[in-house]
Number of protein chains: 2
Amino acid sequence: MEIPPVVIDRLPLYARALSKLEVGGRDVVSSQELGTLLGVTPAQIRKDLSYFGRFGKQGRGYNVRKLLDELQRILGLDRQWSMALVGVGKLGRAILGYGGFAPQGFRIVEAFDASPKRIGERINNLTVKDVADLERTLLKKPVEVGIVAVPAEIAQDIIDALVKCGVRAILNYAPIAARVPPGIQIKRIEPVLALQSMTYYMKNARRAAASARS
Amino acid sequence: MEIPPVVIDRLPLYARALSKLEVGGRDVVSSQELGTLLGVTPAQIRKDLSYFGRFGKQGRGYNVRKLLDELQRILGLDRQWSMALVGVGKLGRAILGYGGFAPQGFRIVEAFDASPKRIGERINNLTVKDVADLERTLLKKPVEVGIVAVPAEIAQDIIDALVKCGVRAILNYAPIAARVPPGIQIKRIEPVLALQSMTYYMKNARRAAASARS
DNA sequence: ATCTGTGAAGCACTTCACAGCG
DNA sequence: CGCTGTGAAGTGCTTCACAGAT
């Protein structure tokens, strides 16, 4: 069956909420309650889960531990993923320093930059390599994900190189509409775009209406 | 007329592409060409723009400068927006140091933190204030946008406080499904969620299919 | 009695296809 | 002839509403 991409985008949210519930010692949760926690309708949660199987018990709800396991398996979160960062400027350094990837199984195992000042530098147990050696390095020791934190002008070239090295997903921090071949995943992380669409709803100072979408 | 939210989300992309074209000295562009640049169908671009007016010339295309002006006006990008950052840890510092906001008219004018170590610290011409003074400060001198870069546990409280101070949009970096009253905009910036949905398509190593969505 | 799982209905968004203007 | 603007058709996603399990 072909699953709607929006559904896939919501599953990590469900998983995170379940994870919190589990830590809190919760055994069972209903779609109603989970929906309230996440700002999603109960029907949507049930429908989303129904694409993958029947995980609940009628009259009771879902077993927190079991559903979380299922979601992690479905999403491929029951394993480690290795990533290569390209661009070790201010943004790249922040990404290297960010503590949120590792606990979720995402590890940055290579860092590249073009500036002689940065090549050879040691940050967070990683030695920055010359971007000229990117293909050599990643063809020998492939990674699954590429993180692009380079200036816009060269971002597409870097993305092409990463794809050539077998990367199957890209997290793009550069402000460009990058093109990738079919089958390769790419998501942009762009705070400015997020701001620029929110201003549309803000510019008329209307206190009412303008439904907020988390 | 009620405009589909997805349309609003695409307009900043169009604006950015037009901006690049303008810098490149381009006078006119067709929906076909703009679509190729952005990976969007020409029909979608024309339909999106048609919600707001008739900006093109049949047989020719769109005047780059004029369409860019219109989009900036529509999105409210023809003015400055002031923002307050809450949380000056590693992530908050990276946000303060990020050079991408100011050129687009978004200025961080206040920074708050709870840690005595950070309060009073001067970063990028901003003095970090005590988060206990958040309401006092922002009620006196309101900002339009709040940037939340605090630990998950206190993020909802901070968001509530910001909303109380009249903030109309929130850029949320904390890993929670935050709730805001209707009329308040909120967008999450969460690289981990982006990764966690991409893995779904990666876990079976299928080289074919699995359409990539930029 | 409660809450799931799900066809069917409803709504939202995208694409088609072409009239009409430059 | 080229390209926009747009109703209409098509596709995809969400919500409804209820049968059925516990």
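A, B, ... follow the sequence lines: proteins, then strands. Residue 1 opens every chain. This is a predicted model, so every value here is computed, not measured.
Distance from the side chain of B/Val6 is smallest to C/dT14 among C/dC16, D/dT14, C/dT14. Here the nucleotide nearest the side chain of A/Ser30, chosen from C/dT4, C/dG7, C/dT14, is C/dT4. The A/Tyr62 side chain lies nearest to C/dT4 when the options are C/dT4, D/dT4, C/dC13.
When rounded to the nearest whole Å, the span between CG of A/Asp48 and P of C/dT6 equals 13 Å. Remark: P of D/dT14 and CD1 of A/Ile8 are 12 Å apart, rounded to the nearest angstrom. The OH atom of B/Tyr51 sits 11 Å away from the P atom of D/dG7 (whole-angstrom rounding). Distance A/Gln32 CD to C/dG5 P: 15 Å, rounded to the nearest Å. One interatomic measurement links the two molecules: OH of A/Tyr14 to C1' of C/dT4, which rounds to 15 Å at whole-angstrom precision. The interatomic distance linking B/Phe55 (CZ) with D/dT6 (P) rounds to 11 Å, in whole Å. Distance A/Phe52 CZ to C/dG5 P: 13 Å, rounded to the nearest Å. With rounding to whole Å, A/Ile45 atom CD1 is found 13 Å from C/dC3 atom C1'.
The environment of B/Arg60 atom CZ is sparse: at most 12 non-hydrogen atoms of other residues, nucleotides or ligands sit within 6.0 angstrom.
For A/Arg54 and C/dT6, the shortest distance from a side-chain N or O to OP1 or OP2 is below 4.0 Å. OP1 or OP2 of C/dT4 sits under 4.0 Å from a side-chain N or O of A/Ser31. Of the side-chain N and O atoms in B/Gln44, one or more sit less than 4.0 angstrom from OP1 or OP2 of C/dT14.
Across the interface with DNA chain D, nearest-nucleotide mapping of A/Lys57 and B/Val29 shows B/Val29 to be the residue nearer the 5′ end. Across the interface with DNA chain C, nearest-nucleotide mapping of A/Gly59 and A/Leu49 shows A/Gly59 to be the residue nearer the 5′ end. Mapped onto DNA chain D by nearest heavy atom, A/Arg60 and B/Arg60 fall at different nucleotides, with B/Arg60 at the one closer to the 5' end.
In this structure, B/Phe106 and B/Trp81 have parallel ring planes: the angle between them is below the 30° cut-off, well short of the 60° mark.
Note on A/Glu22 versus A/Lys66: no salt bridge recorded, every NZ/NE/NH1/NH2 to OD/OE distance being 4.0 Å or above. Taking 4.0 Å as the cut-off between side-chain N and carboxylate O, B/Glu135 and B/Lys140 do not count as a salt-bridged pair.
Side-chain contact between B/Lys187 and B/Asn172: absent, with no pair of heavy atoms (C-beta onward) separated by less than 4.5 Å.
One can find a donor-acceptor pair under 3.5 Å joining the base of D/dG7 and the side-chain atoms of B/Lys47. For a distance-only test at 3.5 Å, the side chain of A/Gln58 fails to qualify as a donor-acceptor partner of the base of D/dT22.
Note on A/Arg46: a base of the nucleic acid sits closer than 4.0 angstrom, heavy atoms only.
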